[in-house]
Structures are given as structure tokens and as C-alpha cells.
Amino acid sequence: MKLTQQQLEHFDEEGWIFLENCFSPEEVAVLNEEGEKIYAEEREEVWRETSGAPRTAFAAHTYNEAFGILGRHPRLIEPLEQAFGEKVYMHQYKINAKAKFTGDVWQWHQDFGTWHRDDGMPEPRAMNIAVFLDEVFPFNGPLMLLPRSHKHGILDAAHDTSTTSYPLWTLDEDTVEKMVANGGLVAPTGKPGGVLMFHGNLVHGSAGNITPYPRKIVYLTLNAVSNHIRKPTRPEWIAHQDFTPIEACADDALLNFARQYATAAE
Ligand SMILES: O=C(O)CCC(=O)C(=O)O
């Protein structure tokens with residue numbers, strides 16, 4: 001899947017784009033089912049909120065076939081190869097839960113701030129491409145983005161290791177106010193199967209979810225191969241050290257897997 005000139009221009013100017021209906025209900029259904037099974041497992045890659053609800057399942061592409069196929073899917077890999085002009089590898093992979101009633105906040109941050117400081121990534125030539133597995137509403141903890149904030153480089157940040165179960169380099173209120181005054185704030189919403197792509201320096205965060213509507217999103221963090229990390233400090237399953245370029249699978253690979261999965265369940 002290739003982005004249009006108009007989409008590329010929107011991405012350059014605003015720092016994000018949202019693509020509706022990239023994955024079909026059949027493709028999303030198998031990911032949802034497998035995602036719930038992963039959250040039910042006791043394994044070090046699954047992090048939980050203090051309530052015990054799942055927060056994040058790291059590296060699911062390495063131990064789950066459906067998420068493995070998604071991690072090589074051309075609808076996700078090709079737009080990033082196009083943006084970076086070279087092959088990409090998987091820097092990080094996570095299924096973020098934002099569970100109904102208990103999903104916790106993600107404080108305001110820039111992803112590249114963390115990748116640079118914690119993993120030794122040289123340049124912001126990596127980014128998240130995210131697949132909605134549940135419907136994202138304005139009220140179930142949508143990702144909030146500060147458009148154009150990616151044009152300010154790495155902003156000052158403090159290492160927050162206590163507010164949530166996930167340590168993060170977070171931004172202070174003054175910085176967030178300045179960025180909002182400059183570019184506003186958006187919270188893209190949409191049906192399962194939508195895809196959100198945003199620049200590594202774009203400021204973003206999300207509020208807690210006190211609604212009965214879960215909000216699962218899979219994030220592939222794809223890095224240009226020449227920009228591989230130099231000084232990893234986090235476990236391999238959080239910041240991968242296999243820099244092998246990803247070869248995209250066939251476009252119908254996930255659909256075929258979903259059909260076999262449904263037949264096997266009959
Ligand atoms: O899933 C969310 O709400 C936020 C995730 C996020 O900001 C991140 O992984 O960097």
C-alpha cells in the first residue's frame with residue numbers, strides 16, 4: 001500500500017495521518033481473539049496496570065502467528081519504507097489494551113525522546129504505525145496528538161518511573177501548552193481496522209478509560225535499517241536488536257490465516 005502525494009504532504013505538515021478501513025472485520029476479528037488470549041497469559045512481555053488489567057503486550061509478533069503476520073503486513077510496511085526511502089526493521093511491537101473501566105493514562109511524550117535516550121537511536125527515522133482493534137471513540141481513551149509538534153525536535157523531558165507501570169520520558173505542562181497553542185490537539189477516532197501513522201517526534205498521550213468500551217491498539221514501531229539503535233539499555237523484547245530488514249508478506253496472508261482459523265474453530 002502506497003501513500004498518495006496528498007497524504008504525504010499532510011503527514012509532513014501535521015505529523016500524522018489516519019487511514020480508515022485498512023483491515024477488514026475478518027482480519028481484525030482474529031487479532032482481537034488472539035490478543036485476548038495473550039493478555040490472559042502470565043509472561044514477562046505482558047505488563048499490567050496496578051489493578052491487574054493488561055496494559056501492554058510487548059513483542060507479540062515473536063510468539064503469536066497472527067501478530068507475526070501483521071508485523072510483516074505490506075499495508076503497514078510499505079508506507080514506512082516509502083516515508084524513509086529504505087527498508088525497515090521492527091524496533092518495538094506492542095498491543096496496548098486501555099481496558100474497559102481501568103485503562104490507565106499515557107502521559108504526554110514523544111516516542112523518539114525515549115528511543116533516543118534509552119535505546120541510542122540516532123535520528124527520528126522510526127515511527128509508530130498503529131492498527132485499531134476496537135472502535136476508538138472520543139471517550140474511551142483515544143490517542144491525543146499535538147499536530148505540528150514534530151517540527152520542534154526533541155523537547156526537554158523528565159524520566160517518569162512512578163506514575164504508571166511503564167517508565168516514560170514525559171513532557172511538562174508548559175511545553176504541552178505551547179505545542180497546543182501552536183498546532184491544536186486532535187484525537188483521531190474510528191472503526192476497528194483503521195490505521196494511524198504518526199511521526200516519532202509528535203507529542204501524544206492518552207487519558208484513562210472509565211467507560212465499558214475497551215480500546216485495543218497494536219503499535220508497530222518500524223525503524224529505518226541504517227538508523228538501528230546503538231546503545232540499548234532495555235530488554236531485547238522491548239527494544240529489539242535484530243536489525244534484519246522486514247520482507248513484507250502477501251497482502252492476503254492475514255485474511256487467509258483468519259479463514260483457516262475460523263474453519264478450525266467450527
Ligand atoms: O496506547 C496509548 O494510548 C498510548 C501509547 C503510546 O503513547 C506509546 O506507546 O508511545
Side-chain angles (χ1 to χ4, degrees), residues 15-16 18 31-32 35 38-39 45-49 53-61 67 71 76 90-119 121 124 126-147 149-150 154-155 157 159-161 163-171 175-176 179 185-190 192 194-211 213-223 234 237-240:
W16 65 279
F18 180 61
L31 294 169
N32 248 319
I38 292 171
Y39 287 146
E45 294 94 340
V46 178
W47 286 26
R48 301 190 182 277
E49 312 285 14
R55 178 177 178 85
T56 301
F58 284 102
H61 65 306
F67 286 100
L76 305 175
M90 192 69 70
H91 171 61
Q92 189 175 80
Y93 190 110
K94 52 188 190 282
I95 318 167
N96 281 3
K98 196 75 80 173
K100 61 181 180 180
F101 294 116
T102 52
D104 207 351
V105 303
W106 286 75
Q107 309 95 324
W108 293 109
H109 66 283
Q110 295 171 300
D111 290 328
F112 180 62
T114 298
W115 303 332
H116 185 64
R117 292 174 179 108
D118 289 354
D119 308 327
M121 187 184 289
M127 70 175 109
N128 277 330
I129 185 155
V131 183
F132 291 4
L133 296 190
D134 293 310
E135 179 152 3
V136 178
F137 296 104
F139 46 73
N140 64 347
L143 203 60
M144 297 185 284
L145 313 171
L146 306 191
S149 54
H150 64 303
I154 296 191
L155 299 161
H159 203 205
D160 183 334
T161 55
T163 311
T164 67
S165 61
Y166 187 72
L168 206 58
W169 288 89
T170 60
L171 305 177
T175 307
V176 172
M179 294 299 134
L185 186 158
V186 295
T189 55
V195 166
L196 178 65
M197 172 172 156
F198 55 101
H199 193 282
N201 272 337
L202 198 75
V203 177
H204 62 283
S206 60
N209 182 12
I210 58 167
T211 75
Y213 299 96
R215 189 234 67 178
K216 259 194 306 310
I217 302 180
V218 189
Y219 294 86
L220 276 66
T221 305
L222 296 166
N223 190 12
R234 302 191 288 176
W237 45 270
I238 296 185
H240 301 301

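In each ligand, atom 1 is the first atom listed, and ligand 1 is the first ligand listed.
- Of the heavy atoms in R215, only side-chain atoms (C-beta onward) come closer than 4.0 Å to ligand 1.
- Here H61 and H240 bring their ring centres to under 6.0 angstrom of each other.
- With ring centers used as reference points, F58 lies 6.0 Å or more from Y93.
- Regarding atom 5 (C) of ligand 1, its nearest protein heavy-atom neighbour is N96 ND2, 3.2 Å.
- Counting heavy atoms closer than 4.0 Å to ligand 1, residue L143 contributes side-chain atoms (C-beta onward) but none from N, CA, C or O.
- With ligand atoms numbered from 1 in the order given, ligand 1 contributes 8 (C), 10 (O) to contacts under 4.0 Å with heavy atoms of D111.
- For atom 8 (C) of ligand 1, the closest heavy atom belonging to the protein is H109 NE2, 3.7 Å.
- A salt bridge does not link R215 to D134: none of the charged nitrogens lies less than 4.0 Å from a carboxylate oxygen.
- Among protein heavy atoms, atom 2 (C) of ligand 1 sits closest to Y219 OH, 3.3 Å.
- Between F112 and W115, the two ring planes are perpendicular [angle over 60°; tilted spans 30° to 60°].
- Of the N and O atoms on the side chains of K100 and N209, not one donor lies less than 3.5 Å from an acceptor on the other residue.
- The protein heavy atom nearest to atom 3 (O) of ligand 1 is S206 OG, 2.6 Å.
- The aromatic ring centroids of F18 and F132 lie less than 6.0 Å from each other.
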